[in-house]
Each structure stands twice: as C-alpha cells, then as structure tokens.
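Here's the structure we're looking at; comments come further down.
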Amino acid sequence: MKNNFEWKYSPAPESTEHIKIDPRYDLFINGKFVKPLSKTYFETSDPATGKMLASMAHANEKDVNTAVLAAKTAYDKTWKKMPGKERGKYIFRIARMIQERAREFAIIESLNGGKPIRESRDFDIPLAANHFSYYAGWADKLDYAFPNRTPKSLGVVGQIIPWNFPLLMAAWKIAPALATGNTVVLKPAETTSLTALKLAELIRDCDLPPGVVNIVTGFGNTGAALVNHSLVNKIAFTGSTGVGKLIQKSIAGTSKKLSLELGGKGAHLVFDDAPINQAVEGIVNGIFFNQGHVCCAGSRLYVQENVASEVITKLKARMQTLIVGDPLDKNTDIGAINSEGQLKKIKDYIQLGKNEGLEIYQPECGIPTKGFFCKPTLIIGAGQSSRLVQEEIFGPVLSIQTFRTIEEVIEKANQVPYGLSAGVWTDKGSKIFNLTSKLRAGVIWANTYNKFDPTSPFGGYKESGFGREGGLHGLQPYLSF
Ligand code: ADP
C-alpha cells in the first residue's frame with residue numbers, strides 16, 4: 001500500500017563542526033582523567049556510518065578498585081558531612097551546565113548511539129537536565145520526604161547502565177544518589193560511553209568535590225568488578241534480564257542493596273471506543289521512533305477485533321511516511337540500530353516470523369546502504385506463545401494480535417515474563433481505572449505512550465526488575481532508615 005501524499009523533505013543534517021570529541025578518553029577517577037592501570041583501550045563508533053569516533057579505557061579490576069576507593073574517601077571525608085542544601089547546589093549546577101551544552105550533548109548522543117537527533121534534542125537531554133534539577137530540590141528535604149523516619153545515605157553506590165539512553169540513564173542514576181548523600185562509580189555501556197565521558201568533563205568543571213562521581217568505561221567484566229567490590233554498598237543496574245539475574249546471584253548473601261531495571265514487552269490495548277488516529281500515533285511513537293531501543297517500548301499491540309482492520313490499515317499508512325536514515329537529520333524518524341549484533345538479532349526475529357508463516361509488513365521506504373538500519377516492521381497474527389510475543393526484540397518490530405473481551409486481553413497482556421509498561425486506549429475512564437489495577441505493569445499510560453517526567457516513578461514487575469527510579473520513590477533505593 002503506497003501513501004498517496006508522499007512528503008519529500010530536503011536533507012536537514014545537524015552540523016557537527018562545533019563538536020569536540022577527543023581521540024582518546026581515560027578513566028574519570030577522583031575528579032580527573034587518569035590512565036587505566038589495565039593499559040588497554042577500545043574503540044567506539046558511529047553506528048550510522050561505521051566511522052570510528054574515539055577510543056576509551058577498558059577498566060579492569062584494579063581500575064575499578066581505584067575508583068571505588070576514591071568514592072569511599074570522598075564519601076567519608078566530604079560528601080556525607082555536607083549539608084543537603086550544599087549538595088543540592090552542586091546538583092543544580094550540573095543541571096544548568098547540561099542545559100547550556102544541550103546541543104553538544106544531543107549531537108554526540110545521536111552520533112554514538114544512532115538515535116534521531118529529534119529524540120536526543122527534544123527528549124533525552126532536556127529530561128536528563130530535568131532529573132538533576134528535580135533531585136537537586138530534594139537534597140535538603142529528605143526529612144520532609146520521609147517524615148518520622150531517619151533517612152541515611154548508604155555510602156558508595158555502583159551504577160551500571162545500558163546503551164539505549166546513555167546520558168538519561170546516567171542522570172537517572174547519578175542525580176538521586178547524590179541528592180541522598182551517596183558517592184558514585186558509574187559504568188556506562190561499552191558502545192555508547194561518549195556522553196557519560198562528556199558528563200565527566202562537565203562534573204570536573206563544575207567543581208564537584210573529587211571522588212563524588214567516578215566514571216569507568218569498559219565491558220561486562222568492568223561491571224562485574226564493580227558489583228563484586230566489597231566497599232560498594234549498593235548496585236543500581238539497568239540492562240538485560242540475563243545480566244540482572246547474574247548480578248542478583250553474585251550479591252546474594254551480601255548486605256549490598258540492589259535495584260534492577262530490566263527488559264520489557266510493553267502491550268498496547270486498543271479498544272473499539274479508542275481515539276483511533278491518536279492511538280496509531282502513540283503506537284508509532286512507542287515502538288518506531290527510537291528504533292524500539294526502549295525497555296518500555298510498546299512492542300505488542302492487542303486490538304479489539306471489530307476495529308482491527310481500521311487500526312492496521314491506518315498504521316500501515318502512517319508507516320509509509322516514516323523516514324529511516326541519518327540520525328543527525330532533523331527529519332529522521334528512525335535512526336540507526338545501535339550495533340551490528342543488535343541488528344542481526346532483530347533480523348533473526350523477523351525471519352522467525354517468516355518461518356512461522358505470519359504476515360510481515362514493512363513500508364516501501366529506502367534505508368541507507370551503509371551502517372545498521374532496519375525498516376519498521378509489523379508481524380501480524382503471531383500466537384501468544386510465539387517467541388515474537390514473549391521475548392524482548394529491542395528493535396522496531398511490533399507484533400499484532402486481536403481480542404474480543406476485556407478479560408481475554410488482560411490475560412494476554414499479562415501473559416509474558418515481563419511487567420514494565422502498558423498503554424490503554426479507550427474513551428472510558430472507568431475502563432482505564434479497571435485496567436490499571438489488573439495489568440501487571442509498573443507504568444501504564446492512558447491514551448498516550450512513552451511520556452516521562454522526573455516526578456513520576458518508573459520500574460517494573462516480574463522479570464522487568466524491582467525498585468523505582470524517578471519521583472519520591474526514586475530516593476528510597478539510595479537510603480536506609
Ligand atoms: P544490553 O543488552 O542492554 O546491552 P546488558 O545487560 O548486556 O544489556 O548491558 C548493560 C550493562 O551491563 C552494560 O554497561 C554492560 O557492560 C554491563 N554488563 C554486562 N555484563 C555484566 C556483568 N556480568 N556484570 C555487570 N555488568 C555487566
């Protein structure tokens with residue numbers, strides 16, 4: 001089906017001339033960049049072109065130890081004694097400096113992660129700054145946040161983050177930890193560490209006391225060294241369910257606190273009384289605009305049978321207008337898949353759909369020949385037990401099923417190992433409230449999707465993890481009472 005009102009946009013790429021990326025980055029420990037004891041570096045590239053962007057240090061156990069000791073000293077000597085009001089000033093300063101350098105952060109995020117500049121410019125970076133502002137406000141109000149209790153900081157926290165929202169995840173982790181009086185060792189994901197290193201420069205320039213935030217780059221073994229360090233009192237992890245389980249096993253029996261934000265398989269429930277056009281836009285936004293690289297992506301669509309053909313027809317028409325291509329182009333809707341391995345995984349799932357004999361729909365749009373790109377894809381009619389419905393694909397792939405009754409759709413929506421997010425599309429407020437208590441999902445959006453705010457808690461049930469980030473709830477994992 002071809003769209004009969006095809007828009008042709010001239011390319012509008014964001015300039016990268018003012019962006020400064022060093023050829024090589026060291027580890028950020030104790031307020032400065034230091035050479036890794038491991039003496040090893042690895043490269044990071046632009047997934048849209050394959051171009052090498054920089055090399056960065058691969059921290060080993062000794063490097064992680066140096067970072068943790070710096071964080072411990074900063075905690076004992078400075079940070080835990082500092083009044084909340086003073087801590088808050090530093091955190092506000094970080095927020096302001098991110099705002100001042102927002103354009104630079106957005107471009108580097110898109111260069112290194114492949115996400116469209118529109119997303120990094122309008123969503124990731126402003127929200128990262130907002131998280132710092134929001135938690136800065138709590139730093140001197142912890143006694144009000146938890147009345148009649150005595151909140152105490154934990155000490156050194158180890159934080160490990162994934163590649164899909166590099167700066168935003170760093171903000172989600174660092175801001176509440178600092179506001180509650182802890183010091184931090186953060187490990188960004190190996191494919192997307194550049195904005196975390198830029199954040200390190202900013203933290204150095206804002207005169208945060210040395211050692212309060214340390215950033216160590218590396219791979220899984222770097223993360224594991226952080227998890228297993230005896231002076232780390234809490235681990236906050238966002239990433240795959242497999243690694244989350246490994247972490248949980250390795251700290252079992254220790255007194256370390258843990259919060260896990262893991263995978264998801266978000267469901268849209270579209271009822272026949274829903275605003276259909278709005279729902280179609282929400283569905284497209286929820287799975288395609290970020291290449292599906294979102295743990296709360298709406299990757300399953302359950303549509304009421306009597307409106308299924310209308311919804312699917314409109315969805316296909318909307319997909320014809322999506323632009324897949326250069327992440328730095330302001331017109332781009334779908335950027336690059338983050339890595340070759342991830343692209344292969346997504347293609348394997350699409351092939352699985354073909355093997356199962358399902359209807360696969362992709363628009364006729366072109367995709368760049370270089371780099372890692374994938375067309376937005378619908379897989380229609382997979383059974384509930386299919387791997388396409390049960391497993392997290394982490395790509396622009398939406399599986400569609402129909403339903404007849406509300407009981408049936410609740411059962412299907414809940415019948416996956418995950419419980420992170422859901423979207424309910426209906427005209428009836430009573431139906432929304434009914435569903436919010438029955439859907440096992442940490443976040444449920446009504447007649448919208450993927451809306452975030454620092455004041456709202458986010459987190460999952462079941463294999464999507466535990467602990468909440470954001471809002472007042474997001475302070476708790478960093479405190480003892
Ligand atoms: P994703 O599939 O989202 O990349 P991963 O769970 O593989 O998720 O990675 C998330 C983060 O966890 C990354 O920073 C990665 O380097 C780190 N990591 C991977 N393996 C381990 C491990 N065994 N222990 C601690 N951290 C790990």
Side-chain angles (χ1 to χ4, degrees), residues 27-28 36 38 40 42-44 47 56-61 63-65 67-68 112-115 157-174 184-197 199-200 214-229 232 234-252 254 256 258-265 290-297 299 336-346 348-349 372 391-395 417-418 420 460 463-465 469:
L27 303 170
F28 184 67
S38 70
T40 51
F42 62 97
E43 289 182 351
T44 191
M56 50 194 59
H58 180 173
N60 65 11
E61 235 171 90
D63 293 306
V64 170
N65 181 48
V68 173
N112 199 195
K115 63 174 59 195
V157 303
Q159 306 183 317
I160 301 168
I161 57 172
W163 46 261
N164 57 342
F165 291 92
L167 186 74
L168 184 58
M169 287 301 116
W172 277 28
K173 296 274 179 289
I174 296 174
V184 166
V185 179
L186 175 94
K187 194 205 89 65
E190 48 271 35
T191 50
T192 55
S193 300
L194 276 181
T195 45
L197 291 161
L199 180 67
N214 306 274
I215 296 180
V216 291
T217 44
F219 291 77
N221 64 330
T222 313
L226 188 54
V227 168
N228 294 321
H229 199 292
V232 171
K234 183 208 154 58
I235 293 292
F237 172 80
T238 299
S240 62
T241 298
V243 174
K245 286 182 182 174
L246 275 180
I247 293 178
Q248 204 169 8
K249 271 192 202 136
S250 54
I251 68 165
T254 72
K256 281 179 196 158
L258 178 65
S259 46
L260 297 175
E261 203 264 275
L262 308 173
K265 192 74 184 173
N290 235 324
Q291 301 80 249
H293 290 349
V294 190
C295 31
C296 56
S299 53
I337 301 299
N338 185 254
S339 65
E340 193 174 5
Q342 188 58 28
L343 181 60
K344 180 176 179 315
K345 189 179 148 198
I346 297 166
D348 287 349
Y349 276 108
F372 313 130
E391 297 178 8
E392 186 179 44
I393 299 173
F394 229 65
Y418 299 106
L420 193 56
E463 296 212 359
S464 293
E469 296 186 285

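Numbering of ligands and ligand atoms starts at 1, following listing order. Values in this document were obtained by computation on a predicted structure and should not be read as measured data.
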To atom 20 (N) of ligand 1, the nearest of P166, A225, G220 on a heavy-atom basis is G220
- Message: The test is side-chain contact (heavy atoms from CB on, under 4.5 Å); show your working for S240 and E392 and say whether it passes.
- Response: CA-CA 10 Å; S240 62; E392 186 179 44; over 6 Å; no
Contact bool for atom 9 (O) of ligand 1 (protein heavy atom, d < 4.0 Å)
no
for atom 24 (N) of ligand 1, nearest protein heavy atom and its distance come out as A224 N, 3.5 Å
message: Test your reading of the structure: does G223 have an N or O sitting under 3.5 Å from an N or O of ligand 1?
response: no
Candidates G244, P162, A189, G341; heavy atom nearest atom 3 (O) of ligand 1 found on P162
In terms of heavy-atom contacts, P162 and G239 come closest through CB-CA, 4.3 Å
the protein heavy atom lying closest to atom 21 (C) of ligand 1 turns out to be V243 CG1, 3.4 Å
Among non-hydrogen protein atoms, atom 23 (N) of ligand 1 lies closest to L246 CD1, 3.9 Å
Between the CG atom in N65 and the CG atom in L226, the distance rounded to the nearest 0.5 Å is 11.0 Å
Of all protein heavy atoms, the one nearest atom 17 (C) of ligand 1 is I160 CG2, 3.6 Å
Within 4.0 Å of some non-hydrogen atom of P188, the atoms of ligand 1 are 14 (O)
Can you see whether S259 engages K234 through a side-chain donor-acceptor pair at a distance of less than 3.5 angstrom? yes
Within the side chain of T217, is there an N or O that forms a donor-acceptor pair under 3.5 Å with the backbone of M56?
no
So for N221 against ligand 1, with non-hydrogen atoms under 4.0 Å, the contacting part is neither
for atom 5 (P) of ligand 1, nearest protein heavy atom and its distance come out as S240 OG, 3.5 Å
Ranked by distance from atom 15 (C) of ligand 1, the top protein heavy atom is E190 OE1, 3.5 Å
message = For T44 and N112, which I'm curious about, is there any donor-acceptor pair between the side chains at under 3.5 Å?
response = yes
Note: Q342 and F394 closest approach over all heavy atoms is NE2-O, 3.1 Å
ask   = Taking the six-membered ring of F165, is NZ or CZ of K115 closer than 6.0 Å to its centre and within 45° of its axis?
value = yes
Atoms of ligand 1 under 4.0 Å from any heavy atom of F219, numbered from 1 in the order shown, are 16 (O)
When distances are taken from atom 13 (C) of ligand 1, the protein heavy atom at minimum range is I161 O, 3.5 Å
Just by modelled atom types, is the E391 backbone N or O under 3.5 Å from a matching donor or acceptor in the K265 side chain?
yes
Review point. Has F237 got any heavy atom lying under 4.0 angstrom from an atom of ligand 1?
Key: yes
Judged by atom type as modelled, is there a donor-acceptor pair below 3.5 Å linking the side chain of K256 to the main-chain atoms of I235?
-> no
Checking heavy atoms under 4.0 Å, the part of W163 that sits near ligand 1 is side chain
